[in-house]
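Here's the structure we're looking at; comments come further down.
Both counts, for ligands and for their atoms, begin at 1 and track the order of listing.
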Amino acid sequence: MPAPTEPAPPPTISKLSAIEQSKRLAAYTAVDKHILPEHKVIGIGSGSTVPYVVERIVSQGKELNKDRVFIPTGFQSKELIVISNLNLGDVDQFPTIDVTIDGADEVDLELNCIKGGGACHLREKVLAEAAKTFILVADYRKNVDYLGTNFTPGVPIEVVPFAYAKVLQNLHHVLGSPNATLRMAKMKAGPVVSDNGNFIIDAPFSTDIMKDPYTIMARIKMLTGVVEVGLFCHMAQAAYFGNQDGSVTVKTMDGEKVIEERVAAA
Ligand SMILES: O=C(CO)[C@H](O)[C@H](O)COP(=O)(O)O
């Protein structure tokens, strides 16, 4: 890992765009409700909402954080933990995590979600499964009734490189995703390579199929060569969505409620 750089000072609330403000609101609210003094092992997810999670945890103070250990889901969260001077650990040392907070690409009515837009979903699922409490944070655009509504690239699937063409064929001809593609890198020739050295396939499915995410997740996972599927079914206890009006929608298995938050900046 390269030497961590100094963290940029957090922008003030007023300088943030509406989307950034809603991410920050979701992250701050989730930390305030779920990262309690008794929690000592904390999973830190990936994505653009997670820096606000870490910012809020840091604001809880050195005294609380000195006895805690933070487990990252990938390169990004590892750097965040290190530059924030929090204690870094790994899931092989701490296979039971008190709380994991992570971002999501989309969350449905039953708290199933798509993850893996950042290609981190293998480690993310391990940390979600290891956690006693798994919490999602996102902006209002990710709050949907059915997966695949706004997030259209498809279900991220991590595959071992030598099996990618075979898995693509299975998806095209057997599982009903004719437009599944290998994810290509933006600033490098060739495919995206995950933190685990694998390739990522994005597989869009019809709304009918996505209404039962568990079934398609299990069918994809059975394909030899698939390492992990970016569908997290029945794993999260709650999802926090920051809204444009400064309120926060909290989704749980009991339904959805809107709370007025307008949290103070860290
Ligand atoms: O699953 C993820 C990475 O694999 C991210 O949590 C997800 O893509 C959300 O990211 P962002 O908050 O940047 O939209």
Heavy-atom nearest neighbour in the protein, as seen from atom 2 (C) of ligand 1, with distance rounded to 0.1 Å: Glu124 OE2, 3.2 Å
Per-atom contacts of ligand 1 with Gly103, taking only distances under 4.0 Å to non-hydrogen atoms: 6 (O)
Structural part of Ala104 in contact with ligand 1, heavy atom criterion under 4.0 angstrom: backbone
Between Glu20 and Tyr52, does any side-chain donor sit less than 3.5 Å from a side-chain acceptor? yes
Look at the side chain of Ser247 and the backbone N and O of Asn243, then say whether any donor-acceptor pair between them is shorter than 3.5 Å. no
Quick check on contacts: which atoms of ligand 1 are under 4.0 angstrom from a heavy atom of Ala119? 4 (O)
Identity and distance of the protein heavy atom lying nearest atom 11 (P) of ligand 1: Ser48 OG, 3.3 Å
Numbered in order shown, the ligand 1 atoms found under 4.0 Å of a heavy atom of Thr49 are 12 (O)
What do you reckon, does Lys23 have a nitrogen or oxygen under 3.5 Å from a nitrogen or oxygen of ligand 1? no
Under 3.5 Å between some N or O of ligand 1 and some N or O of Cys120? yes
Could you tell me whether the side chain of Thr73 and the main chain of Ile44 form a donor-acceptor pair under 3.5 Å? yes
Note: ligand 1 atoms sitting under 4.0 Å from heavy atoms of Gly116 are 1 (O), 2 (C), 4 (O)
In this structure, is the centre-to-centre distance between the rings of Tyr140 and Phe241 below 6.0 Å? no
Between Asp102 and Lys125, does any NZ, NE, NH1 or NH2 come within less than 4.0 Å of an OD or OE carboxylate oxygen? no
Just heavy atoms, cut-off under 4.0 Å: does Asp102 contact ligand 1 by side chain, backbone, both, or neither? side chain
Protein contact of atom 10 (O) of ligand 1 - nearest heavy atom, named by residue and atom, plus distance: Gly47 CA, 3.6 Å
Note the single closest protein heavy atom to atom 6 (O) of ligand 1, along with its residue, its atom name and the distance in Å. Ser46 O, 2.7 Å
Passing option when Lys115 is tested against His121, Glu228, Glu124 for side-chain hydrogen bond (donor to acceptor under 3.5 Å, both in side chains): Glu124
Among all protein heavy atoms, pick out the one at the shortest distance from atom 8 (O) of ligand 1; state its residue, atom name and that distance to 0.1 Å. Asp105 OD1, 2.6 Å
I need the atoms of ligand 1 closer than 4.0 Å to a non-hydrogen atom of Lys142, numbered in the order shown. 11 (P), 12 (O), 14 (O)
Out of Val229, Thr181, Leu168, Val226, which residue meets the side-chain contact (heavy atoms from CB on, under 4.5 Å) rule with Ile201? Leu168
Going by atom types only, do Asn143 and Lys251 share a side-chain donor-acceptor pair under 3.5 Å? yes
Students often mix this up, so state it plainly: with edges at 30° and 60°, are the rings of Tyr240 and His34 parallel, tilted or perpendicular? perpendicular
